[in-house]
S.K.: 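First, the structure itself, so that you have it in front of you.
Letters go in sequence order (proteins before strands), and every chain restarts at 1. Keep in mind that the numbers below use all heavy atoms, side chains included, and drop hydrogens, waters and symmetry copies.
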Amino acid sequence: MMQCGCTSAELSLSTHHKTHSCKRGVFLGFKPQGHSKVVALPKKNTNKDKNKKYGGILPSILQNLKVDSNVVMTLDSFCGKLSPKEQTVILKEQGKWDKVLRVFEWFKSQKDYVPNVIHYNVVLRALGRAQKWDELRLCWVEMAKNGVMPTNNTYAMLVDVYGKAGLMKETLLWIKHMNLRGIFPDEVTMSTVIKVLKDAKEYDRADRFYKDWSIGKIVLDDLEFDNIDDMEPISFKQFLSTELFCTGGRSNSLIDSGTSDVDSSVRKPRLTTTYNTLIDLYGKAGRLKEAADLFADMLKSGVALDAFTFNTMIFICGSHGYLTEAEAFARYEDF
DNA sequence: ATAGGGTTAG
């Protein structure tokens with residue numbers, strides 16, 4: 001029996017809380033209080049989150065950039081040298097993509113500017129979020145020209161923006177690009193890829209990507225297209241030229257990573273959000289056993305459960321008729 | 001005071 005008094009028969013999917021006025025949110029989110037042993041507590045608000053208080057010369061530069069449309073003149077009026085970190089902050093704080101570009105151009109015009117992958121990541125993300133694909137590709141090419149190599153951060157961001165824009169073919173190309181470069185996805189990048197593939201209902205592809213990641217394997221053939229003709233000719237050509245331009249990153253890790261038996265021990269996620277995404281993936285793919293295994297893994301590894309974990313498990317059980325189990329999860333959360 | 005993802009369903 002649910003705490004709100006509903007019987008298990010009434011615990012049927014999403015209609016549950018439409019027809020009942022109980023305040024305990026089973027599908028609406030769990031309260032974190034009192035679950036410190038199992039449930040992740042909300043992160044404390046550090047000054048990183050909300051209070052964007054910068055010191056030194058940054059506030060006045062940011063303010064001036066906000067009110068002044070002439071980026072070059074505004075920046076010229078500050079003669080002091082900016083550190084790479086300060087430059088990152090300034091780039092990040094610009095709202096519009098074109099302003100980001102102009103500020104970046106000014107940085108690069110300074111004599112002592114050193115090309116910086118973090119700066120490129122910030123600029124590329126701004127262009128990606130604004131869906132300025134041509135500008136993004138130009139920036140990418142220039143980045144390579146300046147000898148700046150993309151990192152895991154770069155690829156996670158690219159997969160995210162292309163995936164959110166619904167450009168799945170290009171998303172797959174970025175993943176392939178990363179693989180060709182011999183860059184093994186870290187957990188955030190893997191999680192990002194899984195999320196994008198899941199949202200595109202590419203469940204099998206997502207499953208394979210995760211399984212390969214688990215054993216430290218990079219598979220190149222796994223990302224072939226079913227229908228490459230669907231892609232816009234122009235963007236594909238541009239993409240290929242970019243691809244051909246970037247021949248420098250070929251590394252032996254490509255071979256090592258897939259064939260070595262020594263380091264092919266099983267890799268497990270350690271982030272709650274990763275597990276939640278994976279559990280939802282297998283739930284949506286109808287593979288309940290694997291979803292349940294991941295949940296068990298989570299407990300075994302001591303990874304904190306949170307409201308998403310419970311709601312996802314409850315929904316998976318509920319939507320497949322496992323009402324007793326759904327109820328158990330609801331109670332488990334409540335203990 | 002460097003950068004990426006942040007999940008459930010309604």
Side-chain angles (χ1 to χ4, degrees), chain A residues 13-19 25-30 40 42-43 46-49 51-59 61-62 82-93 100 104 107 114 116-126 128-129 143 148 150-164 171 174-175 178 183 185-199 206 210 269-284 291 294-295 298 303-319 326 329-330 333:
Chain A
L13 308 184
S14 50
T15 58
H16 175 67
H17 280 273
K18 276 181 189 167
T19 54
V26 172
F27 292 97
L28 301 178
F30 290 101
K43 279 184 192 167
T46 61
N47 49 358
K48 206 175 179 181
D49 293 324
N51 301 326
K52 293 180 186 171
K53 286 255 192 275
Y54 301 120
I57 198 175
L58 277 178
I61 293 182
L62 291 172
L82 292 165
S83 72
K85 289 186 185 179
E86 289 170 323
Q87 291 171 326
T88 300
V89 171
I90 292 174
L91 285 171
K92 195 183 64 185
E93 292 292 328
V100 176
F104 194 35
F107 287 163
V114 180
N116 181 321
V117 65
I118 296 178
H119 296 168
Y120 274 102
N121 287 346
V122 172
V123 174
L124 288 168
R125 184 178 56 155
R129 292 216 166 136
M143 177 179 163
V148 178
T151 64
N152 250 310
N153 250 321
T154 314
Y155 287 109
M157 176 272 300
L158 290 169
V159 166
D160 178 59
V161 293
Y162 276 83
K164 286 205 174 116
T171 301
W174 283 120
I175 297 169
M178 173 176 67
I183 293 181
D186 62 17
E187 183 172 341
V188 170
T189 304
M190 181 274 287
S191 183
T192 305
V193 169
I194 298 298
K195 163 98 165 65
V196 166
L197 293 175
K198 169 168 76 73
D199 289 347
Y210 170 59
R270 39 169 272 276
L271 300 173
T272 301
T273 60
T274 306
Y275 276 105
N276 291 345
T277 300
L278 287 167
I279 289 171
D280 184 55
L281 163 70
Y282 288 109
K284 287 203 162 55
L294 277 159
F295 182 81
M298 226 175 151
V303 176
L305 314 177
D306 67 4
F308 288 107
T309 318
F310 283 107
N311 277 342
T312 305
M313 290 305 295
I314 291 169
F315 187 79
I316 290 174
C317 294
S319 57
F329 277 114
E333 182 275 340

S.K.: So what does A:T151 touch, heavy atoms closer than 4.0 Å: a base, only the sugar-phosphate, or nothing?
M.R.: base
S.K.: In this structure, how many angstroms lie between the P atom of B:dA9 and the CG atom of A:D199, rounded?
M.R.: 10 Å
S.K.: Classify the nucleic acid contact of A:T192 as base, sugar-phosphate or nothing, counting any heavy atom under 4.0 Å across all strands shown.
M.R.: sugar-phosphate
S.K.: How is A:T154 classified with respect to the nucleic acid when contacts are heavy atoms under 4.0 Å: base, sugar-phosphate, or nothing?
M.R.: nothing
S.K.: Starting from C1' on B:dG5, measure out to CG on A:N276 and report it in whole angstrom.
M.R.: 13 Å
S.K.: For A:G56, answer base if it contacts any base atom (sugar-phosphate contacts may also be present), sugar-phosphate if it contacts only those atoms, and nothing otherwise; contact means non-hydrogen atoms under 4.0 Å.
M.R.: base
S.K.: Heavy-atom distance under 4.5 Å between the side chains of A:L294 and A:L281, does that happen here?
M.R.: no
S.K.: State which of B:dA3, B:dT7, B:dG5 makes the closest approach to the side chain of A:K198.
M.R.: B:dT7
S.K.: Can a donor-acceptor pair under 3.5 Å be found between the side-chain atoms of A:T312 and the base atoms of B:dT8?
M.R.: no
S.K.: Determine the contact category for A:L158: base if any of its heavy atoms lies under 4.0 Å from a base atom, sugar-phosphate if only primed atoms, P, OP1 or OP2 are that close, otherwise nothing.
M.R.: nothing
S.K.: Whole angstrom is fine here: how far is it from OH in A:Y210 over to C1' in B:dG5?
M.R.: 16 Å
S.K.: How would you list, by chain and number, every residue that makes a salt bridge (charged side-chain N to carboxylate O under 4.0 Å, His left out) with A:K164, sequence neighbours excluded?
M.R.: A:D160
S.K.: Between A:F329 (CZ) and B:dT8 (C1'), how many Å, whole number?
M.R.: 13 Å
S.K.: With sequence neighbours left out, write down each residue that passes side-chain contact (heavy atoms from CB on, under 4.5 Å) with A:D280, or none if nothing qualifies.
M.R.: A:K198, A:K284, A:T312
S.K.: May I ask you to say what A:V188 touches in the nucleic acid, namely base, sugar-phosphate or nothing, with a heavy-atom cut-off under 4.0 Å?
M.R.: base
S.K.: Between A:Y275 and A:F295, does the ring centre distance come in under 6.0 Å?
M.R.: no
